[in-house]
Amino acid sequence: YYRLKVIDIEIPPLRDRKEDIPLLAGHFIEKFRTDLNAKISGISEEALRILLRYAWPGNVRELENVIQRALTLGRQEVISAQDLPAALVRAAEEDPVEKGLRKKLTLEDLEREYIRRVLAEAGGNKTKAAEILGLDRKTLYRKLQETD
């Protein structure tokens, strides 16, 4: 007779770890490709940029559903922007400044959001993100720690 304890593990929402999106998308493509007998083997740069810009309120499960839908409807060898839901594409295209104004974000919140987006676009590479942002790498690390 064994008694198991339940351990709570907090995982940040997908919107806070955008650098995981390319890996998760790849995983879901492989998972569903066999099940759906799909010929799709990857994702276009444009479609990946859209996935990285989206806020993912449905978290990982929503990403999984989007990839499954894209494999089901896709006609090319890679998932393209046209294979993604129109609402997701529109939401991802929203200008960050307009979003900030609409949501009444503080300058600090807007900066945090922008840093997250650039880091995701850089594939999680903090050195590259710091270069894009025009920041010293140590400054970027400090700003990332402040957001945690």
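When a residue number appears, it is its place in the shown sequence, counting from 1.
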* Assess whether side-chain hydrogen bond (donor to acceptor under 3.5 Å, both in side chains) is satisfied between S80 and Q82, documenting all intermediate values. => CA-CA 5 Å; S80 69; Q82 292 78 23; 2.9 Å; yes
* Pairwise salt bridge (Lys or Arg N to Asp or Glu O under 4.0 Å) hits with a residue in residues 21-33, at least two apart -> E30-R33, K31-E64
Would a 4.5 Å heavy-atom cut-off, applied to side chains only, mark [X] and [Y] as touching?
| X | Y | answer |
| --- | --- | --- |
| R69 | N65 | no |
| K143 | L135 | yes |
| V60 | D20 | no |
| L51 | L88 | yes |
| D35 | L71 | no |

* Asked: Looking only at heavy atoms, which two atoms of A47 and S44 are closest? And how far apart?
  -> N-OG, 3.1 Å
* Asked: Linking I/L/V/M/F/W/Y whenever any side-chain heavy atoms sit under 4.5 Å apart, do I40 and L24 land together?
  -> yes
* Any ion pair linking K128 and E131 (charged N to carboxylate O, less than 4.0 Å)? -> no
* Structure fact -> Here the side chain to side chain donor-acceptor pair (under 3.5 Å) pairs for residues 47-63, sequence neighbours left out, are Y54-E62
* Asked: Is the count of non-hydrogen atoms from other residues, nucleotides or ligands lying under 6.0 Å from Q76 atom CD greater than 12?
  -> yes
* Qualifying ring pair (Phe, Tyr, Trp, His ring centres under 6.0 Å) pairs, either residue in residues 27-47, two or more places apart -> none
